[in-house]
Peer 1: 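Take this structure first; my questions come after.
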There are 2 protein chains.
Amino acid sequence: MNKPSPTDQQRPYHHGDLRSALLAAAEKILETEGIQALTLRAAARAVGVSHTAPQNHFDDLTGLLSELAAVGYQRFSAAVQAAAAAVAGADMRTRNRETGRAYVRFARAHPGLFALMYRSERLDVTRPALHAAIGLARQALRQTTPSSDQAAAPPIRLAAVGAARWALVHGFALLLIEGRLEGLMKAVPGGVDPDELLDAVFDVVRVSVDNPDV
Amino acid sequence: MNKPSPTDQQRPYHHGDLRSALLAAAEKILETEGIQALTLRAAARAVGVSHTAPQNHFDDLTGLLSELAAVGYQRFSAAVQAAAAAVAGADMRTRNRETGRAYVRFARAHPGLFALMYRSERLDVTRPALHAAIGLARQALRQTTPSSDQAAAPPIRLAAVGAARWALVHGFALLLIEGRLEGLMKAVPGGVDPDELLDAVFDVVRVSVDNPDV
DNA sequence: GGCTACATGTTTACGCTGAAAACATTTTTC
DNA sequence: GAAAAATGTTTTCAGCGTAAACATGTAGCC
């Protein structure tokens, strides 16, 4: 009805790349204002589009969050893989430490995104993009624990090694970004930063299929 | 205005113990329908009270969630402490394993509550009840890692031991209740249940201030 | 070139939610 | 026994997710 006035010629009816713009805006909101502020309408507002426009690209809020999580998993996989590649020749202990560092580094750099990625109640894992991205991440992580040196251990022990490494790093990352390690870190005379603490954790932990303990 | 008719004499104007009733209803909703269904109004409906009545006891939604989390921390502390007490005489490795089992057992028994307890964006940690309950839990966990045998190790190593144990068990619990360990568990021929996997994790992990590795 | 299908945005509308404000009913306190 | 406080209710408002109807631009097809 309204013909475009000279001042709003800038904005054509079609955005051009609304999907990407919405994802970028959503990530920004997630990292600056928290996940409770990340709404469909807020993302639409940030891009300057009507509040139902996102539905065309993501169906509903779960869709937007899932696609955003998929982006997160892709970046996460790339980061882990790059870290693993950088120490490809080293022994397994070094490789695991380096990928663990990358894991925690990612969580610290994108705390909101990382938390979203592991908040399954808001995600739809059957979405193709998310499903694929999670598979990619799984693959990136698994390649770092090939246990090529300890081939024929009991399967449950191999599974336990994988679970232990994952749990250790994942738990550390989550506790860290939730601020739960603050007390522990401040209790050390002189203070410790997260990187130092993580290194110390690696120094203090041994994960092996042939653990001599019982 | 309306005098009570014979049929609703049952419900006096004052509930009697609305606060407790709301907390119980909230927990039930949390565990059966998930955290996104846990609203002030839903809790009020479940108890059969006006939708603003909860405000008198919890101010707002953050208040309700925080008080519920406090209840969770209290129960959690009791469970961990009971587990520790049951093996009070044993060596440290046994004590840590047993408290770790209790940690994971609690998370599995109350997955919604456990997730809420570590979802800080919805909680107000300055609430006295929650603050106190978290302190209690910290204390219950700390008493299991006194490292009485390794007294004079570098402080950062002691901190790392605590962080490592916590991260390992916490990460395991979270990955487990989010279903992220399903693949790992199914990959083991014959199948594994979470308890077995956790035991295997403990078998495979060694945490010590004097780790000989480097 | 023109016409039709489709993709992409907008407007409108509805029910749910959190929350504040004004009010009603008990209980407690002095 | 009256005043004050605690506890519930009713009313109201704005923000949210989502569906439906509609508008506008794009792309394929003849």
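Proteins come first, then strands; the chains are lettered A, B, ... in the order of their sequence lines, and each starts at number 1. Nothing here was measured: the structure is a model prediction, and the numbers come from that model.
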Peer 1: Nearest whole Å is fine: how far is D/dC16 P from A/Glu33 CD?
Peer 2: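 It is 11 Å, rounded to the nearest whole Å.
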Peer 1: Rounded to whole angstrom units, what separation is found between the CG atom of A/Asn56 and the P atom of D/dG25?
Peer 2: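 To the nearest whole Å, that distance equals 15 Å.
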Peer 1: What is the nucleic acid contact for A/Thr52, judged by heavy atoms within less than 4.0 Å: base, sugar-phosphate only, or nothing?
Peer 2: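 Answer is base: heavy atoms of A/Thr52 come under 4.0 Å of a base.
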Peer 1: Nearest whole angstrom, please: distance from the C1' of D/dG17 to the CZ of A/Arg122.
Peer 2: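 The answer, rounded to whole Å, is 10 Å.
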Peer 1: Can you tell me how far P of D/dT7 sits from CG of B/Leu22, to the nearest Å?
Peer 2: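 Computing the B/Leu22:CG to D/dT7:P distance gives 12 Å.
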Peer 1: For A/Tyr73, enumerate each residue passing the side chain to side chain donor-acceptor pair (under 3.5 Å) test, keeping only those at least two apart in sequence or located in another chain.
Peer 2: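 Once residues adjacent in sequence are excluded, the partners of A/Tyr73 under the side chain to side chain donor-acceptor pair (under 3.5 Å) criterion are B/Arg180.
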Peer 1: To the nearest Å, how far apart are A/Leu38 CG and D/dG17 C1'?
Peer 2: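 Rounded to the whole Å, the gap is 13 Å.
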Peer 1: Looking at A/Arg41, does any N or O in its side chain come under 4.0 Å of the phosphate oxygens OP1/OP2 on C/dT10?
Peer 2: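 No, no such contact exists.
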Peer 1: Is A/Arg101 salt-bridged to A/Glu98, going by a charged N under 4.0 Å from an acidic O?
Peer 2: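 Result for this pair is yes, salt bridge flagged.
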Peer 1: Using a cut-off of strictly less than 4.0 Å, decide whether A/Arg19 has a side-chain nitrogen or oxygen near OP1 or OP2 of C/dG9.
Peer 2: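 So the side chain of A/Arg19 is outside the cut-off, no N or O lying under 4.0 Å from OP1 or OP2 of C/dG9.
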Peer 1: Just how far, in rounded Å, is P of D/dT18 from CG of A/Leu64?
Peer 2: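 The answer, rounded to whole Å, is 11 Å.
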Peer 1: Hey, are A/Glu178 and B/Arg119 close enough for a salt bridge, meaning a charged N less than 4.0 Å from a carboxylate O?
Peer 2: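 Answer for the salt bridge query: no.
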Peer 1: Quick check on D/dG8: is either OP1 or OP2 less than 4.0 Å from any side-chain nitrogen or oxygen of B/His57?
Peer 2: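 Answer yes for this pair, as a side-chain N or O of B/His57 is under 4.0 Å from OP1 or OP2.
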Peer 1: Centre-to-centre under 6.0 Å for A/Tyr103 and A/Phe76, is that the case here?
Peer 2: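 That pair passes the under 6.0 Å test.
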Peer 1: Could you tell me how far apart A/Asp59 (CG) and C/dA7 (P) are, to the nearest whole angstrom?
Peer 2: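 After rounding, the gap between these two atoms is 13 Å.
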Peer 1: Can you figure out which of C/dG18, D/dT10, C/dT8 approaches the side chain of B/Ser50 most closely?
Peer 2: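 Nearest to the side chain of B/Ser50 among the choices is D/dT10.
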Peer 1: If the plane angle is over 60° it's perpendicular, under 30° parallel, otherwise tilted; pick one for A/Phe114 and A/His170.
Peer 2: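 Correct class here is tilted.
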Peer 1: Tell me the interatomic distance from A/Gln55, atom CD, to D/dA20, atom P, rounded to whole angstroms.
Peer 2: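 To the nearest whole Å, that distance equals 11 Å.
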Peer 1: Have a look at A/Asp60 and say if it touches a base, only the backbone sugar-phosphate, or nothing, with a 4.0 Å heavy-atom cut-off.
Peer 2: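 Here A/Asp60 touches the backbone only, sparing every base.
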Peer 1: Can you identify which nucleotide, out of D/dT18, C/dG9, D/dG8, has its nearest atom closest to the B/Ala53 side chain?
Peer 2: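 Closest nucleotide among those given: D/dG8.
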Peer 1: Categorize B/His51 for me: base, sugar-phosphate, or nothing, with a 4.0 angstrom heavy-atom threshold over every strand shown.
Peer 2: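 Base: the residue B/His51, judged by heavy atoms under 4.0 Å, touches a nucleobase.
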